[in-house]
J.: 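A single structure is presented below for examination.
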There are 2 protein chains.
Amino acid sequence: MKIDVDTLLAWGAAYKKVAAGEVIFHEGAESSFYYQLVSGKVRWVNINDEGKEFIQTIIEPDECFGEFPLFDDGPFAASAIADEDSVIIRLHKATFHQLLKENPELHFEFSRLLTQRLRFKFLILKELANHNPENSISTLLGYFKQTQKNICTKCNRLKLTRQQIADMTGLRVETVIRTMKSMQSKGTLQIVKGKVYC
Amino acid sequence: MKIDVDTLLAWGAAYKKVAAGEVIFHEGAESSFYYQLVSGKVRWVNINDEGKEFIQTIIEPDECFGEFPLFDDGPFAASAIADEDSVIIRLHKATFHQLLKENPELHFEFSRLLTQRLRFKFLILKELANHNPENSISTLLGYFKQTQKNICTKCNRLKLTRQQIADMTGLRVETVIRTMKSMQSKGTLQIVKGKVYC
DNA sequence: TATATTTTATGCGTTCAGTCATAACCTGTT
DNA sequence: AACAGGTTATGACTGAACGCATAAAATATA
């Protein structure tokens, strides 16, 4: 999902620079903006009592994030934190609604986005509930491969650390490392110098 | 999310009776309908290789289900199985699109539905990833309580078996039973004759 | 009221991911 | 080249949920 930046600007959207590590919005807070990433990288995470992160999604340029409150008026379901120095563009909620009203096609695209996100949640949830690290990891990698997210298109190398994979599957780094090694020895996964290729 | 039944009928929707245990649609199959439950109960589930079910959602009357393919043209993300003898109403995909186009407000309601479903997925996923049965269970019960789903409004009794709770949290029945007993002894949960009250 | 079926309950051995500690390996920087 | 910081790797121990078996209780059915 991506709204043309010129369109956004024409409707009064504003750019905002965020430094790596900066929190863009907090889980539980009220919202009044549509957010879209222009450049950089953002992770959409829940942080538990012990400080452990669960990464719901990694946002790449031209993707929107933090969209739930726009429709159900609830708070943010997770925090958005910049992984790298990033530029975001945001549009006021009321304006966003007007924009959708005047562009039904855009609204349909948005429904497609929500659907795709739900689809991914269904998929990953079903795997996590299964308590099979290998399946969880391959489902996750399969998704990233399919959507071309966090993959170096030039060399086909996955740009995810074991820690990130762990934080998206509810596993520990060590478990992810051990499981992936075992997958490599089975031939299920191609790892060169610790990096995953697909 | 509910579309008025008279409206659906006026647009050419058709009723369909399904017996308890009957599969309404299969995970992975192509779809061409909007589905809404009129009466009865339906579970929306994934079934793994060993036959173990993961219940994504339990659908109650006046709720729609199986809606992903309507927007992204993908297959069903989970199977729908009747828990009880039920009546469903379904509308052709193309007609559904037309209905949304002519009723922008309805489309906004639909976005709200998708958002709420996503919100629940975020919530439950974050808990599952945390590997804390007690938290998973209370989050789930909290959700059902909040949405009044599967709760006997007359006596405030939760109409969910431990097995169903297990199938929605990826835990085993025994673990759910044991955890809930411990919660009861802590005073976190009120159980009378094995049934949960809230 | 008696019977059958489903649901809840409990014990016990096993398994596998978690935890902690430590080392090796990359990668970028001065 | 040397250093620092992050990432990957590996071992040993622990613990909590699993898996299976069996029983008790509640609910439905006749």
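Computed from a prediction, not measured in an experiment: that's the story for all the values here. Every chain is numbered from 1, with letters handed out A, B, ... down the list of sequences. Only this structure's heavy atoms are used, side chains among them; waters, hydrogens and symmetry mates stay out.
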J.: With sequence neighbours excluded, tell me which residues meet salt bridge (charged side-chain N to carboxylate O under 4.0 Å, His left out) with K145(A).
T.: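 Here no residue qualifies.
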
J.: Return the value, rounded to whole Å, for the distance between atom CD of Q163(A) and atom P of dT8(D).
T.: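 So the CD-P distance, Q163(A) to dT8(D), works out to 9 Å.
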
J.: Between N or O atoms, less than 3.5 Å apart, protein on one side and nucleotides 24-30 of chain D on the other: list the pairs.
T.:
none

J.: Below 4.0 angstrom from OP1 or OP2 of dT10(D), is there any side-chain N or O of K181(A)?
T.: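 Looking at the OP1 and OP2 atoms of dT10(D), one of them is under 4.0 Å from a side-chain N or O of K181(A).
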
J.: CD1 of I177(A) versus P of dG6(D): gap in Å, rounded?
T.: 16 Å

J.: At under 4.0 Å between heavy atoms, which parts of nucleotides 12-19 of chain C does protein reach? Answer with one letter per nucleotide, 5' to 3': B base, S sugar-phosphate only, - none.
T.: B----SSB

J.: Under the salt bridge (charged side-chain N to carboxylate O under 4.0 Å, His left out) test, which residues partner R43(A), sequence neighbours left out?
T.: E53(A), D83(A)

J.: The criterion is ring-ring contact (aromatic ring centres under 6.0 Å, His included); which residues satisfy it with H97(A), sequence neighbours excluded?
T.: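 H97(A): ring-ring contact (aromatic ring centres under 6.0 Å, His included) contacts with F108(B).
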
J.: Report the distance from atom CD1 of I191(A) to atom P of dC25(C), rounded to the nearest whole Å.
T.: 16 Å

J.: What is the distance, rounded to the nearest whole Å, between atom CG of L158(A) and atom P of dT8(D)?
T.: 10 Å

J.: With axes from five pairs an end, tell me the bend angle of the helix from dT1(C)-dA30(D) to dT30(C)-dA1(D), nearest 10°.
T.: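 Computed angle between terminal axes is 50°.
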
J.: Nearest whole angstrom, please: distance from the C1' of dT8(D) to the CD of Q164(A).
T.: 14 Å

J.: Measure from CG on D167(A) to P on dT7(D) and round the result to the nearest Å.
T.: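 These atoms are roughly 11 Å apart.
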
J.: May I have all residue pairs that pass salt bridge (charged side-chain N to carboxylate O under 4.0 Å, His left out) and include part of residues 7-25 of chain A, sequence neighbours excluded?
T.: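 Sorted result for residues 7-25 of chain A: empty, none.
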
J.: If I take atom CE in residue M180(B) and atom P in nucleotide dT7(C), what distance separates them, rounded to the nearest angstrom?
T.: 14 Å

J.: Which residue pairs satisfy the ring pair (Phe, Tyr, Trp, His ring centres under 6.0 Å) criterion with at least one member in residues 162-198 of chain B, sequence neighbours excluded?
T.: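 Sorted pair list comes back empty.
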
J.: Side-chain contact test, heavy atoms from C-beta onward, threshold under 4.5 Å: evaluate it for I88(B) versus F65(B) and give yes or no.
T.: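 Yes - at least one pair of side-chain heavy atoms lies under 4.5 Å apart.
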
J.: How would you list all residue pairs meeting ring pair (Phe, Tyr, Trp, His ring centres under 6.0 Å) that involve residues 128-155 of chain B, not counting sequence neighbours?
T.: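 Sorted result for residues 128-155 of chain B: F120(B)-Y143(B).
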
J.: Enumerate the salt bridge (charged side-chain N to carboxylate O under 4.0 Å, His left out) contacts for residues 68-80 of chain B, please, sequence neighbours excluded, ordered by first and then second residue.
T.: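 Qualifying pairs: R119(A)-D72(B), D73(B)-K93(B).
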
J.: Ring pair (Phe, Tyr, Trp, His ring centres under 6.0 Å): which pairs involve residues 146-186 of chain A, sequence neighbours left out?
T.: none

J.: Tell me the interatomic distance from E134(B), atom CD, to dA16(D), atom P, rounded to whole angstroms.
T.: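 About 13 Å, once rounded to whole Å.
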
J.: Count the heavy atoms of every other residue, nucleotide or ligand shown that sit under 6.0 Å from CD of Q98(A), and state whether that count exceeds 12.
T.: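 Yes, CD of Q98(A) has more than 12 neighbouring heavy atoms, counting only those of other groups under 6.0 Å.
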
J.: Please enumerate all residues that pass ring-ring contact (aromatic ring centres under 6.0 Å, His included) together with H26(B), with sequence neighbours excluded.
T.: none

